[in-house]
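In what follows, chains are A, B, ... by sequence order, proteins preceding strands, each numbered from 1. Values in this document were obtained by computation on a predicted structure and should not be read as measured data.
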Amino acid sequence: MAKKSSASEKNLVIVESPAKAKTIEKFLGKDFLVKSSYGHIRDLAKKDYGVDVANNYKPHYVVSDDKKEVVKELKKLAKDAETVWLASDEDREGEAIAWHLYEELGLTPENTKRIVFHEITKPAILKAVENPRDININLVNAQQARRVLDRLVGFELSPVLWKKVKPSLSAGRVQSVTVRLIVEREREIFAFKPESSYRVTAVFTITNDDGKITEIKAELPKRFKSPEETTSFLESCKGANFSVSDVSKKPLKKSPAAPFTTSTLQQEASRKLGFSVGQTMSVAQKLYEGGKITYMRTDSVNLSDTALKMASEQITSNMGEAYLKIRKYHTKSKGAQEAHEAIRPTDLSKPGVSGSQQEQKLYDLIWKRTIASQMSDAQLEKTTVQIKADGVKEHFVANGEVIKFDGFLKVYLQSSENEGDNDEEEDAGLLPPMKVGDKLSYNVIEARERWSQKPPRYSEASLVKKLEDLGIGRPSTYAPTISTIQNRGYVVKEEREGIKRNYRYIALKDDALVSQEKTEISGAERNKLFPTDIGMVVNDFLMKYFPNIFSYDFTAKVEMEFDEISMGKVVWNESIDEFYQSFHQQVEETLENSERNTGERQLGNDPKTGKPVLVKIGRYGPMAQMGESSDDEEVEKPKFASLQKGQHLETITLEQALRLFDLPRDLGLFEDKKVVVGIGRFGPYVRHDGKFVSLKKGIDDPLEIELDRAIELIKEKRKADKEKHIKSFEEDPEIQVLNGRFGPYISYQKKNYKIPKDTDPKALTLEDCQKLIKEGGKKTGKKAPAKKTAAKKTSAKKTSTKATKKTAAKKATKK
DNA sequence: CAGTGAGCGAGCTTCCGCTTGACTT
């Protein structure tokens, strides 16, 4: 702590990230102390929007709770320093961070220098230090406009939803458009009518001069609409003499993809490693902190000269000159700000890295992609062979591909863009040498009924790609945005089982036709994003009253406005005023004129009672209602039932809804007590003797389940409960040793305590337990606020800010 | 927290974009 020499106090450099600070300190030497601001240090106050609308939109900034310590320390260091170097990123947000630091630390023009660099390399840093400039206030103002706009939109629209749909909901420039994409895709899929056609493939054999027989797969470019058409084609192939009618060859070139940005890394890690976008980011963070890769939140595809030199050394020494091709990539994405390099290994001479499995895999991916990006094109040759026969109207085509020079393919195989839906594009492999006139005979000709593909649902990664294409969101927000829309209950990430579907198979073998009905599973989904009912209702509401804000090009439009501000052509608060005047009016009108939106849908009437049946969003989520509520006490109260998982307001039928009212259902008696099945807050359950047992997800249907199975479940539960209980003590029945999800633990007065790894839980004595409770109690006592966050996962954010507030308050009183 | 869904209403929720920790019953 007291290590500070007088020399290090001369220059204070402030960057955004602590890992970056460490690296830069090495480059700058003893005269420079490098510290981090940990991102933004201030933000708009929460109260009254943090924006004085009546006073030219004057922002009211406060130091964030979790940055108070940081600011305190920086303030002190800045006071002692001769020169403070503000070295945050050279983009809108970075410039604003520099400005906030300037304001909050009480710096002066005399003692402050603003420097920027796009890459963390020694020459770049030294060059930056030689070329300081002033804070660019136009760029800062563009950021203030961005910040204020987002606040006004978010904090005016969310309360409209609280009043008109449901409390605690949220709306925003980015998240609501993200939900819109998913909702609209779901409706496209719902409206999609698959059309079937017949795809014909054939296996031919060819005998060469040496008598060697080779198989060739070929396909008919034409697809038939009906089984009749297909059959008559296959009939025409009976006994036909097939021969090669044309052979054409053409060269084909494949080029490597650009080095990784945040978005492309998330997509590739999802496709190749199965990582979620959040997972990718946290693994990348680890690698970054360990100095293994460059910064992982970037929209730039640029590599520094240092990196290019390393790559070229690697490629030439390991693979040879022929494999090297230095390339400069240019970003195509809208609104890219390119404050950093692309994501690459810091040291390209290291093809591997120590660390967790995940870190190794992700690093390997990054290393290969970086190296491949500087390698030569792959040269291929594509051969197309036409196969015809007299009397057969259509011709077959066989494709072959030969790699003449592998180039970048030596290290990196790119995955395809489409999400691998079950359209089995056959890999073009090798073809034997063939020439026009060669005779072929068919082994089998098969026609298989195929269905046109519905539009694919978004995965996390494909959604990020879409957002990037639309210029919505930033590298630092892709992963959090996807979490937000799930936390708000607008979207769920799920697996869905496919449904069985019949298809026709017609084949010609040995001049005989076979026709069969076969079944396949179609439409199965894994880890895809589905809108919830509430997501759909909120989306429809927002689109009805605020179509301008949630149009796909709104962000692009305001970005253009921000650009004007950053060039000094437009005054930021005038620009905001122009937007806000009409926006605020829109909000007022909506509050006054719009109906409460519950997504209500009338399904029809109950055939037994004639009562109307409807579905809507209730206090506890989507529900069905039979009958109407009325003030008249004579009229029977309406019945309610929650929709089941997989049922939706928009698609549920009257029949399905009616069945929901069959619950709770009496199954019969077991051990002289009633067995009842129903659906509760936590899903379908069986109740017996005052105890609840959950039904097995995906196996048991509460509407179908019978007594035998219910008894089975009850017995299973009893067994689990028995195993749960390891030990208790007569002297103090409150102390129990139990078996939980994370292994054995001690339960005492509704709190849980850890058992040391090397102790046998069965051997614990009462004294042992009391000791462990005492020890555990000490620890948790100190960290009481932190424990709260763990208890409430869904409201982690809320409680954590509360917790920090508390600790901050504690510290204040402590002194 | 497991048979919910009335109605009143205090006090709360909420945005986007920079950053990294703290958690494991």
Side-chain angles (χ1 to χ4, degrees), chain A residues 15-20 36-44 46 49-50 64 66-67 70 88-89 91-94 96-97 100 143 146-162 166-176 282 285 288-289 297 339 472-478 480-481 484 488 555 616-621 623 625 629 631 637-642 663-664 676 678-687 690-694 738 740-743 745-747 750-754 776 780 783 786-787 789-791 793 795-796 798 800 803-804:
Chain A
V15 295
E16 288 169 54
S17 139
K20 198 169 164 181
S36 154
S37 76
Y38 292 83
H40 273 296
I41 53 155
R42 303 199 298 190
D43 191 16
L44 295 174
K46 295 250 180 208
Y49 297 166
S64 321
D66 52 339
K67 298 294 162 56
V70 177
S88 45
D89 296 344
D91 56 12
R92 208 160 59 202
E93 298 297 327
I97 288 173
H100 281 300
Q143 193 273 348
R146 200 279 304 155
R147 182 67 192 92
V148 168
L149 176 97
D150 281 334
R151 170 54 70 83
L152 290 174
V153 169
F155 274 34
E156 290 226 349
L157 286 186
S158 299
V160 176
L161 294 179
W162 304 344
K166 216 178 106 172
S168 302
L169 294 176
S170 64
R173 174 177 58 86
V174 171
Q175 58 166 277
S176 300
S282 72
Q285 175 90 25
Y288 168 67
E289 283 169 5
R297 289 186 275 262
I472 296 169
R474 304 277 312 130
S476 68
T477 60
Y478 295 137
T481 299
T484 301
R488 295 267 173 281
T555 291
K616 67 176 186 179
I617 292 193
R619 251 213 295 167
Y620 302 100
M623 63 167 202
Q625 178 180 335
S629 40
D631 297 333
K637 271 196 178 175
K639 276 198 201 164
F640 302 97
S642 291
L663 295 171
V676 179
I679 297 176
R681 175 82 183 77
F682 305 109
Y685 64 87
V686 171
R687 194 186 63 209
K691 283 186 182 141
F692 292 86
V693 187
S694 291
L738 300 173
R741 255 205 299 160
F742 304 102
Y745 66 98
I746 299 170
S747 161
K750 290 198 175 164
K751 275 189 185 168
N752 301 319
Y753 302 89
K754 252 199 271 187
T780 49
K783 285 183 182 172
K787 240 201 143 193
T789 37
K793 237 183 187 170
S795 55
K798 191 179 73 190
S800 73
T804 45

* From CA spacing to verdict: side chain to side chain contact (heavy atoms under 4.5 Å, CB included), R147(A), E93(A) -> CA-CA 10 Å; R147(A) 182 67 192 92; E93(A) 298 297 327; over 6 Å; no

So which protein N/O to nucleotides 18-20 of chain B N/O distances come out below 3.5 Å?
residue, atom, partner, partner atom, Å
dC18(B), OP1, R474(A), NE, 3.3
dC18(B), OP2, S476(A), OG, 2.7
dC18(B), O3', E16(A), OE1, 3.4
dC18(B), O2, H40(A), N, 2.6
dT19(B), OP1, Y295(A), OH, 2.2
dT19(B), OP2, Y295(A), OH, 2.5
dT19(B), OP2, R297(A), NE, 2.9
dT19(B), O5', Y295(A), OH, 3.3
dT19(B), O4', G39(A), N, 3.4
dT20(B), OP1, S17(A), OG, 2.9
dT20(B), OP2, Q285(A), NE2, 3.3
dT20(B), OP2, R297(A), NH2, 2.7
dT20(B), O5', Q285(A), NE2, 3.3

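Here F692(A) pairs with Y685(A) under the ring-ring contact (aromatic ring centres under 6.0 Å, His included) rule; sequence neighbours left out. Judged as a side-chain hydrogen bond (donor to acceptor under 3.5 Å, both in side chains), and not counting sequence neighbours, Y38(A) has no contacts. Listed by chain and number, the residues in a ring-ring contact (aromatic ring centres under 6.0 Å, His included) with H40(A) amount to none (sequence neighbours excluded). Residues passing the side-chain hydrogen bond (donor to acceptor under 3.5 Å, both in side chains) test with R92(A) are E559(A), sequence neighbours excluded.
Regarding contacts with the backbone of dC15(B), a side-chain N or O of S170(A) is found under 4.0 angstrom from either OP1 or OP2.
Protein atom OH of Y478(A) is 9 Å distant from nucleotide atom P of dG17(B), rounded to whole Å. The separation between D43(A) atom CG and dG17(B) atom P is 12 Å, rounded to whole Å. Rounded to whole angstrom, the span from the CG atom of D150(A) across to the C1' atom of dC16(B) amounts to 5 Å. Summarising the geometry, the separation between NZ on K639(A) and C1' on dG3(B) is reported as 13 Å, rounded to the nearest angstrom. We find that CZ of R687(A) is positioned 10 Å from P of dT4(B), with the value rounded to whole Å. L44(A) places its CG atom 14 Å from the P atom of dG17(B), with the value rounded to the nearest Å. We find that NZ of K46(A) is positioned 16 Å from C1' of dG11(B), with the value rounded to whole Å. Regarding E156(A), its CD atom lies at a distance of 15 Å from the P atom of dC16(B), rounded to whole Å.
Counting any heavy atom pair closer than 4.0 Å across all strands shown, V153(A) reaches no nucleic acid atom. Base contact: R147(A) has a heavy atom under 4.0 Å from a base atom. Nucleic acid contact class of R42(A) (heavy atoms, under 4.0 Å, all strands): none. Using a 4.0 Å heavy-atom cutoff across all strands shown, Q175(A) reaches sugar-phosphate atoms only and no base atom. Residue contacts shown for L169(A) are limited to sugar-phosphate atoms, with no base heavy atom under 4.0 Å away. When heavy atoms are screened at a 4.0 angstrom cut-off, G473(A) is found touching the sugar-phosphate backbone but no base atom.
Distance check: E16(A) CD to R297(A) CZ gives 10.0 Å after rounding to the nearest 0.5 Å. Interatomic distance, S88(A) OG to I41(A) CD1, rounded to the nearest 0.5 Å: 10.0 Å. For the atom pair CZ (R474(A)) and OG1 (T481(A)), the distance works out to 12.0 Å, reported to the nearest 0.5 Å.
Remark: ring of F640(A) does not overlap the six-membered base ring of dG5(B) in a stacked fashion, as centroids less than 5.5 Å apart with planes less than 30° apart are not both met.
Two residues are said to be in side-chain contact when any heavy atoms from C-beta on lie closer than 4.5 Å; L152(A) and Y49(A) meet this criterion. Residues R488(A) and L161(A) fail the side-chain proximity criterion, which asks for heavy atoms closer than 4.5 Å.
Annotation: of the two residues near DNA chain B, T484(A) and A641(A), the 5′-most nearest-nucleotide partner is A641(A).
In DNA chain B, no run of at least 3 consecutive Watson-Crick or G-U pairs with both distances below 3.5 Å is found.
dG9(B) and dT13(B) have their C1' atoms separated by 16 Å, with the value rounded to a whole Å.
Listed candidates were dT14(B), dG5(B), dC16(B). Nearest to the side chain of W162(A) is dT14(B).
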